[in-house]
Amino acid sequence: KNKPNHVSSVPKCWTMYADAINRNKVKDSSYLKTPTSGAAPLPKGKHMYIDEALKKSGTLYKLNNGWGLSQFGGGVTTPVNDEFTFKYQSVGVPLPGNIVGIFDCETLEEKGYNEEGEVWVSAPSAMSRYFDDEHSTEKFFVEYNGRIYGRTSDIGYLDADGILHIVGRMSDAIPTKSGTKISPGYVSEAVLNIKNYCGKVLTSKQKDVFGDAIFDCAVVGVPDPANDEHEEYQVPILHIALKDGYKEIEDDLIKLLPGYIEDNIDSKHIPYAIKIWGENDFPYTPAKKIDTGTLKAVGVPTIKVKRKIK
């Protein structure tokens with residue numbers, strides 16, 4: 001009888017909702033005024049797919065993408081969702097009273113606009129401490145210029161408009177033997193946004209077919225099989241879930257993805273190996289987040305890419 005104006009959920013659930021719209025199982029979403037996503041990264045390609053489906057079903061508003069932490073009582077930023085300042089891959093501006101800064105992960109020096117670093121937050125809603133855990137409390141809080149901040153362990157940057165962009169988690173960065181760290185989020189974003197690629201590595205038909213076929217993906221780090229003596233070294237493994245009916249494109253996808261990733265990001269982000277999953281086999285947690293623990297347990301798949309990470 002009374003339909004909700006505000007719905008907040010994770011990207012996976014919004015993707016399932018968009019799929020239902022495109023399969024004509026949901027025909028009317030006009031009652032939604034503030035559809036909101038959170039708790040997990042929302043790549044541009046997936047965000048655009050959801051927005052197109054919501055518009056198709058009568059929703060006048062884009063999907064909001066928020067960001068927050070339990071240590072600050074929930075939301076830290078609020079989405080900027082008007083036609084002039086809306087930006088994909090962003091989580092909005094700080095809520096009133098909150099201050100967000102970007103700091104170097106090693107030197108703890110403050111970074112400038114469009115420079116990546118760890119996101120620190122100073123907010124009146126911050127917790128006082130971790131219960132019965134003084135060590136974690138001291139590790140989380142830090143003083144800078146007379147203000148107390150909480151270290152979020154999220155990697156991101158502030159653009160010139162003061163809008164926050166979250167790139168990934170510090171713990172997700174993949175350390176390689178070359179000394180560089182690979183950001184899994186960049187690769188996942190590129191793969192999920194393949195349909196909007198404007199380069200020359202893929203033809204228009206290839207990027208459209210690949211874009212329609214890819215259901216979801218994730219990149220995880222596993223121990224480097226060539227460096228048994230250095231357990232800290234890892235290699236990036238790309239896991240891709242394909243929608244039903246696209247099995248015949250697997251070989252072409254595996255063959256062409258390395259060149260696409262190199263052209264779209266750089267050579268160091270080329271995966272060491274690729275594993276293809278079926279749409280119904282891809283692992284998720286009960287909260288509908290990708291189960292990276294299960295993906296890491298797979299180890300190194302047998303399908304390795306021809307290009308080597310430099």
Side-chain angles (χ1 to χ4, degrees), residues 38-42 65-80 87 89-189 219-221 224 230-234 236 265-266 268-269 292 296 309:
L42 181 61
N65 189 25
W67 176 77
L69 293 92
S70 300
Q71 293 92 329
F72 297 100
V76 170
T77 63
T78 182
V80 180
K87 297 179 182 180
Q89 299 173 267
S90 69
V91 294
V93 297
L95 286 164
N98 293 351
I99 297 176
V100 172
I102 308 298
F103 294 81
D104 188 281
C105 301
E106 303 295 335
T107 66
L108 306 187
E109 294 180 352
E110 188 169 12
K111 310 281 277 188
Y113 290 126
N114 298 310
E115 293 182 339
E116 288 185 12
E118 184 184 9
V119 183
W120 292 8
V121 175
S122 179
S125 61
M127 65 177 188
S128 60
R129 65 188 185 280
Y130 286 103
F131 178 71
D132 201 24
D133 192 344
E134 184 176 347
H135 174 73
S136 294
T137 300
E138 292 179 351
K139 186 177 179 181
F140 180 76
F141 288 112
V142 62
E143 183 177 352
Y144 178 76
N145 279 350
R147 187 180 295 275
I148 301 298
Y149 286 84
R151 301 185 61 175
T152 69
S153 295
D154 278 338
I155 300 297
Y157 65 92
L158 288 165
D159 63 27
D161 295 318
I163 296 176
L164 180 63
H165 301 250
I166 300 296
V167 175
R169 294 285 292 171
M170 289 174 61
S171 58
D172 291 337
I174 302 172
T176 66
K177 64 181 179 182
S178 66
T180 60
K181 290 187 177 182
I182 294 173
S183 300
Y186 281 135
V187 183
S188 299
E189 167 63 28
V219 177
V220 297
D224 188 340
H230 298 277
E231 296 181 359
E232 70 275 16
Y233 295 152
Q234 298 183 347
I265 310 176
D266 55 41
K268 78 174 185 179
H269 281 84
T292 55
K296 289 181 179 181
I309 300 173

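These numbers come from a predicted model, not from an experiment. Just so you know, these numbers use all the heavy atoms, side chains as well, and skip hydrogens, waters and symmetry mates.
Nearest heavy atoms, Cys105 versus Gly117: SG-C, 4.4 Å. Closest approach of Met127 to Phe140, counting heavy atoms only: CE-CD2, 3.9 Å. When every heavy atom of Ile182 is checked against every heavy atom of Lys268, the shortest pair comes out as CD1-O, 3.1 Å. For the pair Glu115 and Ile102, the tightest heavy-atom approach, listed with the atom from each and the gap, is O-CG2, 3.5 Å. Nearest heavy atoms, Glu110 versus Tyr144: OE1-OH, 2.9 Å. Across Asp104 and Thr107, no two heavy atoms sit closer than the pair OD1-N, 2.8 Å.
The structure places CD of Glu118 at 8.0 Å from CG of Leu108, a figure rounded to the nearest 0.5 Å. For the atom pair CZ (Phe103) and CH2 (Trp120), the distance works out to 5.0 Å, reported to the nearest 0.5 Å. Interatomic distance, NE2 of His165 versus CG of Asn114, reported as 7.5 Å (0.5 Å rounding). A distance of 12.5 Å separates CG in Leu158 from NZ in Lys111, rounded to the nearest 0.5 Å. To the nearest 0.5 Å, atoms NE2 (His269) and CD1 (Ile174) are separated by 8.5 Å. The OG atom of Ser122 sits 7.5 Å away from the CZ atom of Phe72 when rounded to the nearest 0.5 Å.
Side chain of Asp154 to main chain of Val119: no donor-acceptor pair is present (N/O by atom type, distance under 3.5 Å, no hydrogens or angles). Within the 3.5 Å criterion, the main-chain N or O of Val91 finds a donor-acceptor partner in the side chain of Thr77.
Under the side-chain hydrogen bond (donor to acceptor under 3.5 Å, both in side chains) criterion, Tyr113 pairs with no residue at all, not counting sequence neighbours. Every residue was checked against the side-chain hydrogen bond (donor to acceptor under 3.5 Å, both in side chains) condition with Arg147, not counting sequence neighbours, and none meets it. Partners of Ser153 under the side-chain hydrogen bond (donor to acceptor under 3.5 Å, both in side chains) rule, at least two apart in sequence or in another chain, do not exist in this structure.
Counting heavy atoms from C-beta outward, Trp67 and Thr152 have side chains that approach closer than 4.5 Å. With contacts defined as side-chain heavy-atom distances shorter than 4.5 Å, the pair Pro124/Asn98 qualifies. In this structure, Gln234 and Asp224 have side chains that are not in contact, with every pair of non-hydrogen atoms separated by 4.5 Å or more. Side-chain contact check for Tyr130 versus His135: every heavy-atom pair is 4.5 Å or farther apart.
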Open item on the list: With side chain to side chain contact (heavy atoms under 4.5 Å, CB included) as the criterion, how do Lys87 and Asp161 come out once you've worked through the C-alpha distance, each side chain's angles and the decisive distance to 0.1 Å?
Closed with: CA-CA 11 Å; Lys87 297 179 182 180; Asp161 295 318; 2.7 Å; yes
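Within 6.0 Å of CD in Glu232 there are more than 12 heavy atoms belonging to other residues, nucleotides or ligands.
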